[in-house]
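Input: one structure, supplied below.
Hydrogens, waters and symmetry mates are skipped; everything else that's a heavy atom, side chains included, is used.
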Amino acid sequence: MSFTLEPRAGLRDVTLRDGLQLTGKMLSTARKVEIVRELVRLGVPEIELGSMARAHLVPPMANTLEVVDQLTPQELERCWIWVATPGHVAKAAAAGARNFQYCFSASDSHNQANIGRSTEASLAALPQAVEYARAVGGRIQLCIATSFTCPFEGQVPEDRVLAIANDPRAEGTCDIVICDTLGQAVPAQVSSLIRRVGEESPARRIVYHGHDTWGLGVANTLAAISAGAQLVDGALGGLGGCPFAPGASGNTSSEDILFATRPEWLTPENFGAMVELSEKLLAELGEPNRSKSAQGARSKAKAFEWVIAGSPEPACDRSN
């Protein structure tokens, strides 16, 4: 039996953007391209490959446009790039990008810390960003960070998020991305907001972006899917977090989301390959593996098909 979760939702792996931005460590262009292609080969439907954030503020994103240049148009159809201004869209489009995630925060304080302008200023610039995306036949998402809580202002009212999602200046965006930037939301809270956004904006796909700071990353993701989210974000090994949001930690693990939702394309074999890809990347970065599913895949439960064949036996102290 496949045990595929219903309703179904796709995964967008955000390792190369949100996953890397908190590490402070660089990956070469060739290595990033290799990761994109391996994720595509394994069946991951969508990928966030990088950001137009200023390189001196987020150094791991410095070679994002070089990555874009190395990918084929077919590969880029599955890839998204984080942008915060119309200028970002124009520059990324000139390099070949066609899918843009236009992001700003529901809370002014975080938007000032993250982007250097008010929420209203970011929203006012969105129509121009939409026009630049349309000019190249591209797609642009409305991404609302701090949709639940802000590190500086605390709780964010649902109505604040809904007002942004329904603002006429957001017309022309294809998706609405609801972000639990700090990982402080609980499942009932996620369900409530996702359901309300979906009911009031039925023409746009709802995307959920969660973090696992308080250990509810997978639970919140499943709640979002049940409430109507059609795409959910995750990062290999639970890597990442926002460098401008005190208290933020890793993303919800891609492996954990996939193991829980069991999309039809996922098999024990390609799940094992993803775990191995994640382990190798995290070792390169010197980062811990926060994925419980990846740890389970290395267990002794050999009769379970999702355990990786040939997993090394863990060391143990037999002296007692």
Side-chain angles (χ1 to χ4, degrees), residues 1-16 18-19 34-49 71-72 74-80 99 101 139 141 174-178 187 190-191 194-195 198 202 204-210 212 217-239 251-279 281 291-299 301-311:
M1 298 177 66
S2 65
F3 298 108
T4 298
L5 181 71
E6 298 288 351
R8 301 184 188 187
L11 172 75
R12 175 171 59 180
D13 186 88
V14 301
T15 303
L16 294 178
D18 203 4
E34 181 181 41
I35 291 169
V36 169
R37 289 179 172 155
E38 179 65 3
L39 290 171
V40 168
R41 186 189 71 80
L42 291 173
V44 175
E46 301 186 35
I47 298 162
E48 191 177 43
L49 62 76
L71 296 173
T72 67
Q74 292 73 29
E75 290 166 337
L76 289 170
E77 286 179 4
R78 296 170 71 161
C79 294
W80 295 88
N99 296 324
Q101 181 177 221
R139 298 181 293 167
Q141 297 176 323
C174 60
D175 303 329
I176 302 173
V177 187
I178 300 297
V190 172
S191 293
I194 294 292
R195 186 170 290 110
R204 286 177 286 183
R205 182 173 64 164
I206 308 302
V207 184
Y208 175 70
H209 176 93
D212 199 34
V218 173
N220 286 339
T221 298
L222 296 180
I225 294 171
S226 295
Q230 296 167 278
L231 184 72
V232 294
D233 287 352
L236 293 173
L239 186 66
N251 291 274
T252 305
S253 158
S254 290
E255 299 96 312
D256 293 352
I257 292 171
L258 290 172
F259 184 72
T261 59
R262 306 284 180 90
E264 290 184 334
W265 58 265
L266 188 71
T267 65
E269 291 73 26
N270 58 11
F271 178 77
M274 185 173 293
V275 169
E276 291 172 346
L277 171 65
S278 177
E279 290 172 341
L281 173 62
S291 168
K292 291 294 187 180
S293 297
Q295 294 170 31
R298 291 299 190 184
S299 75
K302 304 302 184 184
F304 190 45
E305 63 179 347
W306 295 89
V307 170
I308 298 174
S311 295

_Please give me the minimum heavy-atom distance between Ala9 and Leu231, naming the atom from each residue._
CB-N, 4.2 Å
*Dump the intermediate steps for side-chain contact (heavy atoms from CB on, under 4.5 Å) on Arg8 and Thr261, then the final yes or no.*
CA-CA 8 Å; Arg8 301 184 188 187; Thr261 59; over 6 Å; no
*So Trp306 and Phe271, would you call those rings parallel, tilted or perpendicular, with 30° and 60° as cut-offs?*
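Judged by the thresholds at 30° and 60°, the geometry between Trp306 and Phe271 is perpendicular.
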*asked:* Test your reading of the model: is there a side-chain donor-acceptor pair from Asn270 to the backbone of Leu42, 3.5 Å cut-off?
replied: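 Judged by distance alone, yes, a pair lies under 3.5 Å.
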*asked:* Quick one, Leu49 and Leu76 - any side-chain contact, counting heavy atoms below 4.5 Å?
replied: yes
*With side chains defined as the heavy atoms from C-beta onward, is the minimum distance between Glu255 and Leu236 less than 4.5 Å?*
yes
*Ile47 and Ile35, any side-chain heavy atoms less than 4.5 Å apart*: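 Not touching, per the 4.5 Å side-chain cut-off.
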*Please determine if Arg37 and Glu34 form a salt bridge, counting it only when a charged side-chain N lies under 4.0 Å from a carboxylate O.*
no
*Can you find a heavy atom in the side chain of Val207 that is under 4.5 Å from one in the side chain of Gln101?*
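Val207 vs Gln101: side chains apart.
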*Within the distance-only criterion (no hydrogens, no angle test), does the side chain of Asp175 pair as donor or acceptor with the backbone N or O of Gln141 below 3.5 angstrom?*
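No, because the side chain of Asp175 does not come within donor-acceptor range (under 3.5 Å) of the backbone of Gln141.
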*Answer whether the closest heavy-atom distance between the side chains of Val44 and Trp265 falls below 4.5 Å.*
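Answer yes - side chains close enough.
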*asked:* Is the shortest side-chain heavy-atom distance between Asn99 and Arg78 below 4.5 Å?
replied: no
*Applying the side chain to side chain contact (heavy atoms under 4.5 Å, CB included) test to Ser254, which of Leu11, Val14, Val232 qualifies?*
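Passing option: Leu11.
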*Do Val177 and Arg12 come within less than 4.5 Å of each other through their side chains, counting heavy atoms only?*
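Side-chain contact under 4.5 Å: yes.
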*Go through Val36 and Leu71 one step at a time and tell me if the side-chain contact (heavy atoms from CB on, under 4.5 Å) criterion holds.*
CA-CA 9 Å; Val36 169; Leu71 296 173; 4.0 Å; yes
*Could you tell me whether Glu46 and Arg205 make a salt bridge, using a distance below 4.0 angstrom between a side-chain N and a carboxylate O?*
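Looking at Arg205 together with Glu46, the answer is yes, because their closest N to O distance falls below 4.0 Å.
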*Which pair of non-hydrogen atoms, one from Thr15 and one from Leu239, has the smallest distance, and what is that distance?*
CG2-CD2, 4.2 Å
*Looking only at heavy atoms, which two atoms of Val190 and Asn220 are closest? And how far apart?*
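Heavy-atom minimum between the residues: CG1-O, 3.5 Å.
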*Side chain Asp233, main chain His209, donor-acceptor under 3.5 Å*: no
_I'd like to know if the side chain of Ser226 reaches the main chain of Leu222, judged simply by a donor and an acceptor atom lying under 3.5 Å from each other, with no hydrogens or angles considered._
yes
_Any side-chain heavy-atom pair of Leu16 and Glu48 under 4.5 Å_ = no
